[in-house]
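As C-alpha coordinates, the structure follows; a few thoughts come after it.
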Amino acid sequence: MRTHRIAVIPGDGIGPEVVREGVKVLEAATTRAGTFRLEFDWLPWNCSYYRRHGRMMPKDGIEQLRAYDGIYLGAVGDPSVPDHVSVWQVILPIRKAFQQYVNLRPAKLLAGLESPLRHKEARDLDFVIVRENTEGEYSDIGGRLHPGTPVEMAVQTSVFTRYGIERVARYALSLARRRRGRVAVATKSNGLAHTMPYWDEVIRSCRVEFPDVDVSFYHVDALSTLFVLRPETLDVVLATNLFGDILSDLGAAVVGGLGVAPAGNINPEKRFPSMFEPVHGSAPDIAGKGIANPIAAIWSGAMMLEHLGYPEPAAEVVRAIEQVLAEGRVRTRDLGGTASTEEVGDAVVRALEHPRPVGARPR
(Lines give C-alpha, C1' and ligand atoms only; values in the text may rest on other atoms or scores of the structure.)
Protein backbone atom coordinates (compact mmCIF):
# COMPACT_ATOMS: atom_id res chain seq x y z
CA MET A 1 0.00 0.00 0.00
CA ARG A 2 1.52 3.29 -1.10
CA THR A 3 1.86 6.07 1.47
CA HIS A 4 1.80 9.77 0.54
CA ARG A 5 3.22 12.32 2.97
CA ILE A 6 1.12 15.47 3.18
CA ALA A 7 2.28 18.68 4.84
CA VAL A 8 -0.69 20.37 6.53
CA ILE A 9 -0.40 24.12 7.11
CA PRO A 10 -3.65 25.01 8.92
CA GLY A 11 -2.68 28.68 9.04
CA ASP A 12 -4.79 31.40 10.60
CA GLY A 13 -8.39 32.25 11.39
CA ILE A 14 -10.81 29.62 10.17
CA GLY A 15 -8.00 27.73 8.45
CA PRO A 16 -7.46 25.19 11.25
CA GLU A 17 -11.22 24.65 11.58
CA VAL A 18 -11.88 23.85 7.92
CA VAL A 19 -8.67 21.88 7.38
CA ARG A 20 -9.50 19.67 10.35
CA GLU A 21 -12.72 18.64 8.60
CA GLY A 22 -10.91 18.21 5.30
CA VAL A 23 -8.40 15.83 6.84
CA LYS A 24 -11.25 13.91 8.48
CA VAL A 25 -12.89 13.39 5.08
CA LEU A 26 -9.59 12.50 3.40
CA GLU A 27 -8.92 9.85 6.04
CA ALA A 28 -12.39 8.40 5.46
CA ALA A 29 -11.78 8.39 1.70
CA THR A 30 -8.48 6.56 2.03
CA THR A 31 -10.00 3.99 4.39
CA ARG A 32 -12.81 3.41 1.92
CA ALA A 33 -10.41 3.03 -1.01
CA GLY A 34 -8.06 0.72 0.89
CA THR A 35 -5.31 1.04 -1.71
CA PHE A 36 -3.23 3.94 -0.38
CA ARG A 37 -2.52 5.92 2.76
CA LEU A 38 -2.09 9.59 3.54
CA GLU A 39 0.30 10.53 6.32
CA PHE A 40 -0.30 14.06 7.64
CA ASP A 41 2.34 16.28 9.25
CA TRP A 42 0.92 19.44 10.83
CA LEU A 43 3.14 22.52 10.52
CA PRO A 44 2.39 25.57 12.74
CA TRP A 45 3.42 28.23 10.21
CA ASN A 46 1.09 31.18 10.57
CA CYS A 47 0.84 34.72 11.92
CA SER A 48 1.32 33.52 15.50
CA TYR A 49 4.58 31.94 14.36
CA TYR A 50 5.50 35.30 12.77
CA ARG A 51 4.88 37.19 16.00
CA ARG A 52 7.19 34.80 17.85
CA HIS A 53 9.95 34.43 15.26
CA GLY A 54 9.70 37.44 12.95
CA ARG A 55 8.96 35.24 9.93
CA MET A 56 6.01 33.17 8.70
CA MET A 57 7.93 29.92 8.40
CA PRO A 58 11.45 28.66 9.24
CA LYS A 59 14.39 29.64 7.05
CA ASP A 60 14.50 26.09 5.73
CA GLY A 61 10.73 25.88 5.34
CA ILE A 62 10.84 25.37 1.58
CA GLU A 63 13.40 22.60 1.96
CA GLN A 64 11.24 20.92 4.57
CA LEU A 65 8.25 20.99 2.22
CA ARG A 66 10.26 19.60 -0.68
CA ALA A 67 10.11 16.11 0.87
CA TYR A 68 6.30 15.94 0.80
CA ASP A 69 3.96 14.60 -1.87
CA GLY A 70 1.44 17.38 -1.32
CA ILE A 71 0.68 20.47 0.74
CA TYR A 72 -2.74 21.12 2.30
CA LEU A 73 -3.21 24.76 3.28
CA GLY A 74 -6.04 26.25 5.34
CA ALA A 75 -5.68 30.02 5.10
CA VAL A 76 -3.11 32.66 5.94
CA GLY A 77 -3.75 36.11 7.34
CA ASP A 78 -4.44 37.92 10.59
CA PRO A 79 -5.10 41.61 11.36
CA SER A 80 -1.96 41.67 13.50
CA VAL A 81 0.29 41.06 10.47
CA PRO A 82 0.11 43.06 7.22
CA ASP A 83 -1.34 40.98 4.38
CA HIS A 84 1.62 41.60 2.12
CA VAL A 85 3.85 40.05 4.78
CA SER A 86 1.78 36.93 5.49
CA VAL A 87 1.10 36.16 1.82
CA TRP A 88 4.57 36.98 0.53
CA GLN A 89 6.25 34.85 3.19
CA VAL A 90 4.16 31.67 2.80
CA ILE A 91 1.85 31.28 -0.17
CA LEU A 92 3.81 33.05 -2.89
CA PRO A 93 7.24 31.59 -1.99
CA ILE A 94 5.75 28.07 -2.05
CA ARG A 95 4.06 28.64 -5.40
CA LYS A 96 7.24 29.96 -6.97
CA ALA A 97 9.78 27.61 -5.40
CA PHE A 98 7.80 24.54 -6.45
CA GLN A 99 6.85 25.84 -9.90
CA GLN A 100 3.16 25.62 -9.11
CA TYR A 101 2.47 27.59 -12.25
CA VAL A 102 -1.16 26.53 -12.57
CA ASN A 103 -3.73 27.84 -10.14
CA LEU A 104 -6.77 25.71 -10.90
CA ARG A 105 -10.12 26.95 -9.63
CA PRO A 106 -13.32 25.11 -10.58
CA ALA A 107 -16.53 27.13 -10.76
CA LYS A 108 -19.22 24.47 -10.69
CA LEU A 109 -22.73 24.66 -9.28
CA LEU A 110 -23.02 21.62 -7.03
CA ALA A 111 -26.23 19.64 -6.65
CA GLY A 112 -28.40 21.14 -3.94
CA LEU A 113 -27.15 24.71 -4.35
CA GLU A 114 -28.83 27.61 -6.10
CA SER A 115 -26.92 30.24 -7.98
CA PRO A 116 -27.65 33.91 -7.23
CA LEU A 117 -28.02 34.26 -11.00
CA ARG A 118 -31.66 34.04 -12.02
CA HIS A 119 -32.65 31.16 -14.28
CA LYS A 120 -29.18 29.54 -14.20
CA GLU A 121 -28.99 25.85 -13.41
CA ALA A 122 -26.16 23.37 -12.79
CA ARG A 123 -25.73 22.70 -16.50
CA ASP A 124 -25.10 26.42 -17.05
CA LEU A 125 -22.40 26.76 -14.41
CA ASP A 126 -19.52 24.38 -14.92
CA PHE A 127 -16.27 26.00 -15.95
CA VAL A 128 -12.75 26.18 -14.60
CA ILE A 129 -10.29 29.04 -14.28
CA VAL A 130 -6.65 28.40 -15.12
CA ARG A 131 -4.62 31.20 -13.58
CA GLU A 132 -0.93 31.71 -14.30
CA ASN A 133 0.50 31.41 -10.82
CA THR A 134 4.20 32.28 -10.66
CA GLU A 135 4.85 35.52 -12.57
CA GLY A 136 2.76 38.25 -14.21
CA GLU A 137 1.55 41.03 -11.97
CA TYR A 138 2.64 39.28 -8.76
CA SER A 139 6.36 39.61 -9.32
CA ASP A 140 8.66 40.85 -6.58
CA ILE A 141 10.41 43.43 -8.76
CA GLY A 142 9.95 46.97 -7.52
CA GLY A 143 10.19 49.10 -4.44
CA ARG A 144 9.73 52.53 -2.95
CA LEU A 145 11.74 55.69 -3.49
CA HIS A 146 11.99 58.71 -1.17
CA PRO A 147 9.83 57.17 1.58
CA GLY A 148 8.14 59.56 3.95
CA THR A 149 8.60 62.59 1.69
CA PRO A 150 6.11 64.46 -0.52
CA VAL A 151 7.69 62.88 -3.60
CA GLU A 152 7.49 59.31 -2.34
CA MET A 153 6.76 56.81 -5.08
CA ALA A 154 6.19 53.07 -5.46
CA VAL A 155 6.90 50.88 -8.48
CA GLN A 156 6.04 47.23 -9.05
CA THR A 157 6.92 45.60 -12.35
CA SER A 158 4.90 42.88 -14.04
CA VAL A 159 6.92 40.07 -15.56
CA PHE A 160 5.72 37.99 -18.51
CA THR A 161 8.03 35.42 -20.06
CA ARG A 162 7.47 33.30 -23.14
CA TYR A 163 8.32 30.22 -21.08
CA GLY A 164 5.79 31.11 -18.39
CA ILE A 165 2.98 31.93 -20.79
CA GLU A 166 3.54 28.91 -23.02
CA ARG A 167 3.43 26.36 -20.24
CA VAL A 168 0.23 27.65 -18.66
CA ALA A 169 -1.39 28.11 -22.08
CA ARG A 170 -0.62 24.54 -23.07
CA TYR A 171 -2.05 23.30 -19.79
CA ALA A 172 -5.29 25.24 -20.38
CA LEU A 173 -5.57 24.08 -23.98
CA SER A 174 -4.95 20.46 -22.99
CA LEU A 175 -7.55 20.74 -20.24
CA ALA A 176 -10.11 22.18 -22.67
CA ARG A 177 -9.44 19.29 -25.04
CA ARG A 178 -10.53 16.91 -22.24
CA ARG A 179 -13.59 19.01 -21.43
CA ARG A 180 -15.75 20.85 -24.00
CA GLY A 181 -13.03 22.26 -26.21
CA ARG A 182 -13.27 25.99 -25.50
CA VAL A 183 -10.80 28.44 -23.98
CA ALA A 184 -11.66 32.04 -23.10
CA VAL A 185 -8.49 34.09 -22.68
CA ALA A 186 -8.57 37.12 -20.39
CA THR A 187 -6.54 40.05 -21.68
CA LYS A 188 -6.40 43.84 -21.47
CA SER A 189 -4.42 44.60 -24.60
CA ASN A 190 -6.35 47.82 -25.18
CA GLY A 191 -4.94 49.34 -22.01
CA LEU A 192 -1.65 47.57 -21.21
CA ALA A 193 0.25 48.21 -24.41
CA HIS A 194 3.25 45.91 -23.86
CA THR A 195 2.51 42.98 -21.56
CA MET A 196 -0.98 42.08 -22.73
CA PRO A 197 -0.30 42.10 -26.49
CA TYR A 198 2.67 39.86 -25.73
CA TRP A 199 0.48 37.55 -23.60
CA ASP A 200 -2.00 37.33 -26.49
CA GLU A 201 0.74 36.76 -29.08
CA VAL A 202 2.34 33.87 -27.22
CA ILE A 203 -1.02 32.18 -26.60
CA ARG A 204 -1.88 32.50 -30.30
CA SER A 205 1.40 30.78 -31.15
CA CYS A 206 0.43 27.87 -28.84
CA ARG A 207 -3.10 27.46 -30.13
CA VAL A 208 -1.86 26.13 -33.48
CA GLU A 209 -0.87 22.95 -31.63
CA PHE A 210 -4.53 22.49 -30.63
CA PRO A 211 -6.59 22.98 -33.79
CA ASP A 212 -9.54 21.18 -32.19
CA VAL A 213 -9.83 23.75 -29.38
CA ASP A 214 -11.75 26.98 -29.91
CA VAL A 215 -9.85 29.95 -28.45
CA SER A 216 -11.44 33.38 -27.92
CA PHE A 217 -9.82 36.51 -26.49
CA TYR A 218 -11.80 38.86 -24.23
CA HIS A 219 -10.86 42.05 -22.48
CA VAL A 220 -11.08 41.12 -18.83
CA ASP A 221 -13.83 43.62 -18.06
CA ALA A 222 -15.98 42.21 -20.86
CA LEU A 223 -15.18 38.65 -19.77
CA SER A 224 -16.38 39.42 -16.24
CA THR A 225 -19.82 40.23 -17.66
CA LEU A 226 -19.97 36.76 -19.25
CA PHE A 227 -19.51 35.24 -15.79
CA VAL A 228 -22.84 36.84 -14.86
CA LEU A 229 -24.81 37.08 -18.09
CA ARG A 230 -23.73 34.02 -20.10
CA PRO A 231 -21.72 31.62 -17.89
CA GLU A 232 -22.95 28.68 -19.96
CA THR A 233 -20.63 29.85 -22.77
CA LEU A 234 -17.55 29.30 -20.58
CA ASP A 235 -15.48 26.12 -20.39
CA VAL A 236 -11.83 26.92 -19.55
CA VAL A 237 -10.85 30.48 -18.67
CA LEU A 238 -7.14 31.30 -19.03
CA ALA A 239 -5.97 34.39 -17.15
CA THR A 240 -2.93 36.14 -15.81
CA ASN A 241 -2.04 36.02 -12.14
CA LEU A 242 -3.98 39.16 -11.19
CA PHE A 243 -6.91 38.75 -13.55
CA GLY A 244 -7.29 35.10 -12.58
CA ASP A 245 -7.26 36.00 -8.90
CA ILE A 246 -10.11 38.47 -9.35
CA LEU A 247 -12.16 36.42 -11.82
CA SER A 248 -12.03 33.31 -9.66
CA ASP A 249 -13.71 35.14 -6.77
CA LEU A 250 -16.46 36.21 -9.15
CA GLY A 251 -16.71 32.61 -10.35
CA ALA A 252 -17.08 31.47 -6.75
CA ALA A 253 -19.84 34.03 -6.14
CA VAL A 254 -22.02 32.80 -9.00
CA VAL A 255 -21.87 29.17 -7.82
CA GLY A 256 -22.67 29.73 -4.15
CA GLY A 257 -19.89 31.74 -2.54
CA LEU A 258 -16.31 31.42 -1.36
CA GLY A 259 -17.30 28.72 1.11
CA VAL A 260 -17.69 26.24 -1.74
CA ALA A 261 -14.73 27.34 -3.87
CA PRO A 262 -11.69 25.00 -3.99
CA ALA A 263 -8.28 25.62 -5.53
CA GLY A 264 -5.11 23.81 -6.46
CA ASN A 265 -1.66 25.29 -6.94
CA ILE A 266 -0.32 22.71 -9.31
CA ASN A 267 3.04 21.64 -10.65
CA PRO A 268 1.69 19.55 -13.54
CA GLU A 269 4.94 17.67 -14.10
CA LYS A 270 4.90 16.54 -10.43
CA ARG A 271 8.57 17.39 -10.03
CA PHE A 272 7.60 19.29 -6.87
CA PRO A 273 4.72 19.04 -4.40
CA SER A 274 1.51 20.83 -5.32
CA MET A 275 -0.54 22.79 -2.80
CA PHE A 276 -4.31 22.70 -2.31
CA GLU A 277 -6.35 25.31 -0.47
CA PRO A 278 -9.85 26.77 -0.25
CA VAL A 279 -10.25 30.07 -2.10
CA HIS A 280 -11.65 31.87 0.94
CA GLY A 281 -9.29 33.67 3.28
CA SER A 282 -8.78 33.32 6.99
CA ALA A 283 -12.03 35.20 7.83
CA PRO A 284 -10.86 36.39 11.28
CA ASP A 285 -14.32 37.82 11.99
CA ILE A 286 -15.81 34.32 12.33
CA ALA A 287 -12.71 32.42 13.50
CA GLY A 288 -13.26 30.22 16.52
CA LYS A 289 -17.06 30.30 16.26
CA GLY A 290 -17.35 26.92 14.57
CA ILE A 291 -19.55 28.26 11.79
CA ALA A 292 -17.13 28.36 8.84
CA ASN A 293 -18.09 26.37 5.77
CA PRO A 294 -15.59 23.50 5.30
CA ILE A 295 -16.82 22.45 1.84
CA ALA A 296 -14.19 24.45 -0.06
CA ALA A 297 -11.45 22.85 2.02
CA ILE A 298 -12.95 19.37 1.62
CA TRP A 299 -13.28 19.82 -2.14
CA SER A 300 -9.68 21.08 -2.29
CA GLY A 301 -8.69 17.84 -0.58
CA ALA A 302 -10.52 15.94 -3.32
CA MET A 303 -8.50 17.87 -5.89
CA MET A 304 -5.36 16.74 -4.09
CA LEU A 305 -6.49 13.10 -4.29
CA GLU A 306 -7.04 13.44 -8.03
CA HIS A 307 -3.63 15.04 -8.51
CA LEU A 308 -1.99 12.23 -6.56
CA GLY A 309 -3.52 9.75 -8.99
CA TYR A 310 -6.77 8.70 -7.30
CA PRO A 311 -9.62 10.08 -9.43
CA GLU A 312 -12.27 7.66 -8.16
CA PRO A 313 -11.86 8.49 -4.44
CA ALA A 314 -11.74 12.17 -5.42
CA ALA A 315 -15.02 11.85 -7.31
CA GLU A 316 -16.57 10.01 -4.35
CA VAL A 317 -15.71 12.91 -2.04
CA VAL A 318 -17.33 15.41 -4.40
CA ARG A 319 -20.39 13.17 -4.73
CA ALA A 320 -20.60 12.98 -0.92
CA ILE A 321 -20.50 16.78 -0.72
CA GLU A 322 -23.33 16.98 -3.25
CA GLN A 323 -25.35 14.35 -1.37
CA VAL A 324 -25.15 16.42 1.82
CA LEU A 325 -26.04 19.64 0.01
CA ALA A 326 -28.90 18.07 -1.92
CA GLU A 327 -30.46 16.66 1.27
CA GLY A 328 -30.37 20.20 2.64
CA ARG A 329 -30.44 19.29 6.32
CA VAL A 330 -26.81 20.03 7.18
CA ARG A 331 -25.57 23.39 5.95
CA THR A 332 -23.57 26.22 7.45
CA ARG A 333 -25.01 29.69 7.81
CA ASP A 334 -23.55 31.06 4.59
CA LEU A 335 -25.72 28.51 2.74
CA GLY A 336 -28.85 29.22 4.77
CA GLY A 337 -28.42 26.54 7.44
CA THR A 338 -27.51 26.32 11.10
CA ALA A 339 -24.93 23.52 11.13
CA SER A 340 -21.48 23.87 12.59
CA THR A 341 -18.24 23.34 10.71
CA GLU A 342 -17.78 19.98 12.42
CA GLU A 343 -21.33 18.85 11.70
CA VAL A 344 -20.85 19.44 7.97
CA GLY A 345 -17.59 17.48 8.01
CA ASP A 346 -19.27 14.62 9.85
CA ALA A 347 -22.16 14.64 7.37
CA VAL A 348 -19.78 14.39 4.41
CA VAL A 349 -18.01 11.45 6.06
CA ARG A 350 -21.35 9.69 6.57
CA ALA A 351 -22.33 10.33 2.96
CA LEU A 352 -18.99 8.97 1.84
CA GLU A 353 -19.38 5.82 3.92
CA HIS A 354 -23.07 5.34 3.03
CA PRO A 355 -23.52 6.65 -0.50
CA ARG A 356 -26.98 7.20 -1.96
CA PRO A 357 -28.05 8.70 -5.27
CA VAL A 358 -27.68 12.47 -5.01
CA GLY A 359 -31.04 13.88 -3.98
CA ALA A 360 -32.36 10.64 -2.47
CA ARG A 361 -34.04 11.04 0.90
CA PRO A 362 -32.25 9.46 3.88
CA ARG A 363 -34.11 6.59 5.49
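We're numbering straight along the sequence, starting at 1.
If you chain together hydrophobic residues whose side chains sit under 4.5 Å apart, M303 and F98 never meet in one group. Using a 4.5 Å cut-off between side-chain heavy atoms of Ile, Leu, Val, Met, Phe, Trp and Tyr, with links allowed through other members, L175 and L305 fall into the same hydrophobic cluster. At a threshold of 4.5 Å between side-chain heavy atoms, the hydrophobic network of Ile, Leu, Val, Met, Phe, Trp and Tyr places L104 and I321 in one connected group. Y198 and Y218 fall within a single hydrophobic cluster, where Ile, Leu, Val, Met, Phe, Trp and Tyr are joined by side-chain heavy atoms under 4.5 Å apart, directly or via other members. Residues I71 and I266 do not share a hydrophobic cluster, defined by chaining ILVMFWY side chains whose heavy atoms lie under 4.5 Å apart.
Counting non-hydrogen atoms of other residues, nucleotides and ligands closer than 6.0 Å to CZ of R204 gives a total above 12. Open room surrounds CD on E312; 12 or fewer heavy atoms of other groups in view lie less than 6.0 Å from it. Taking a 6.0 Å sphere around CZ of R32, one finds it holds more than 12 heavy atoms contributed by other residues, nucleotides or ligands. Remark: E114 CD is loosely packed, at most 12 non-hydrogen atoms of other residues, nucleotides or ligands lying under 6.0 Å away. Environment of CZ in R123: sparse, with no more than 12 heavy atoms of neighbouring residues, nucleotides or ligands closer than 6.0 Å.
With F227 as the partner, the side chain to side chain contact (heavy atoms under 4.5 Å, CB included) test is satisfied by one option alone out of L250, L117, L125: L250. When D124, L223, D126, I129 are each tested for a side chain to side chain contact (heavy atoms under 4.5 Å, CB included) with L234, only one passes: L223.
When every heavy atom of V324 is checked against every heavy atom of A351, the shortest pair comes out as CG2-CB, 3.9 Å. Between V318 and A302, the shortest heavy-atom contact is CG2-CB, 4.1 Å. Taking both residues in full, the closest heavy atoms of V317 and A29 are given as CG2-CB, 3.9 Å, listed atom of the first, atom of the second, then distance. Pairing each heavy atom of D12 with each of C47, the nearest pair is OD1-N, 2.9 Å. Heavy atoms only, all atoms of each residue included: A297 and Y72 are closest at O-OH, 2.7 Å. Of all heavy-atom pairs between P294 and T341, the closest is CG-O, 3.6 Å.
With rounding to the nearest 0.5 angstrom, the OG atom of S216 is 7.5 Å from the CZ atom of R207. Rounding to the nearest 0.5 angstrom, the gap separating the CZ atom in F243 from the CG atom in L238 is 12.0 Å. Summarising the geometry, atom CG belonging to D140 is positioned 7.5 Å from atom CD belonging to Q156; distances are rounded to the nearest 0.5 Å. To the nearest 0.5 angstrom, H219 atom NE2 is 10.0 Å from L192 atom CG. Of the inter-residue distances, the one linking N267 atom CG with N133 atom CG reads 11.0 Å to the nearest 0.5 angstrom. Between the CG atom in L92 and the OG atom in S86 there is a gap of 9.5 Å [rounded to 0.5 Å].
Not a single donor-acceptor pair under 3.5 Å links the side chain of Q323 to the backbone N or O of R319. Put simply, the side chain of S282 gets close to the backbone of G77: a donor and an acceptor are under 3.5 Å apart. Between the E17 side chain and the G288 main chain, a donor and an acceptor come within less than 3.5 Å of each other. Side-chain atoms of S115 come within 3.5 Å of backbone N or O of V254 as a donor-acceptor pair. With R167 contributing its side chain and Y101 its backbone, the two residues share no donor-acceptor pair below 3.5 Å. Between the side chain of E277 and the backbone N or O of A75, no donor-acceptor pair lies under 3.5 Å. Without hydrogens or angle criteria, W199 side chain to A186 main chain gives a donor-acceptor distance under 3.5 Å. At distances below 3.5 Å, not a single donor-acceptor pair connects side-chain atoms of Q89 with backbone N or O atoms of R55. When atom types are taken as modelled, the side chain of D69 and the backbone of R5 share a donor-acceptor pair closer than 3.5 angstrom.
Using modelled atom types, one finds a donor on one side chain and an acceptor on the other under 3.5 Å when comparing T240 with E137. The closest side-chain donor-acceptor pair between E132 and T134 falls under 3.5 angstrom. For the residue pair R131/S248, the side-chain donor-acceptor check at 3.5 Å is not satisfied. Side chains of S174 and R177: no donor on one and acceptor on the other come within 3.5 Å. If you check the side chains of E135 and Y163, you find no donor sitting under 3.5 Å from an acceptor. Using modelled atom types, one finds a donor on one side chain and an acceptor on the other under 3.5 Å when comparing D245 with Y138.
By the 4.5 Å heavy-atom criterion applied to side chains, L113 and V255 are not counted as neighbours. In this structure, the side chains of L325 and L335 come closer than 4.5 Å at one or more pairs of heavy atoms. Side chains of N265 and L73 form no contact here, defined as non-hydrogen atoms less than 4.5 Å apart. Within the 4.5 Å cutoff, the side chain of L247 has heavy atoms near those of the S224 side chain. Looking at Y49 and M56, their side chains never come closer than 4.5 Å, going by heavy atoms from C-beta outward. Taking 4.5 Å as the limit, every side-chain heavy atom of K96 sits out of range of all side-chain heavy atoms of I62. Taking 4.5 Å as the limit, every side-chain heavy atom of V128 sits out of range of all side-chain heavy atoms of V237. Between V19 and W42 the shortest side-chain heavy-atom distance falls below 4.5 Å.
Ring orientation note: the planes of F36 and Y310 are close to parallel, at an angle under 30° on the 30°/60° scale.
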How far apart are the C-alpha atoms of L110 and W299, what are their side-chain angles, what is the distance that settles it, and do they pass the side chain to side chain contact (heavy atoms under 4.5 Å, CB included) test? CA-CA 11 Å; L110 297 174; W299 192 354; 3.8 Å; yes
Start with the C-alpha gap between T31 and E353, add the side-chain angles, then the distance that decides, and say whether side chain to side chain contact (heavy atoms under 4.5 Å, CB included) holds. CA-CA 10 Å; T31 299; E353 295 173 342; over 6 Å; no
Can you list the steps and then say if L26 with M304 is a side chain to side chain contact (heavy atoms under 4.5 Å, CB included)? CA-CA 10 Å; L26 286 171; M304 180 165 63; 3.7 Å; yes
E343 and R350: CA distance, side-chain angles, deciding distance, salt bridge (charged side-chain N to carboxylate O under 4.0 Å, His left out) verdict: CA-CA 10 Å; E343 287 170 339; R350 287 195 299 271; over 6 Å; no
Quick one: do L308 and L38 satisfy side chain to side chain contact (heavy atoms under 4.5 Å, CB included)? Show the steps, please. CA-CA 10 Å; L308 290 173; L38 299 180; 4.0 Å; yes
Might you work through the salt bridge (charged side-chain N to carboxylate O under 4.0 Å, His left out) test for R180 and E232, ending with a clear yes or no? CA-CA 11 Å; R180 299 191 301 276; E232 66 276 7; over 6 Å; no
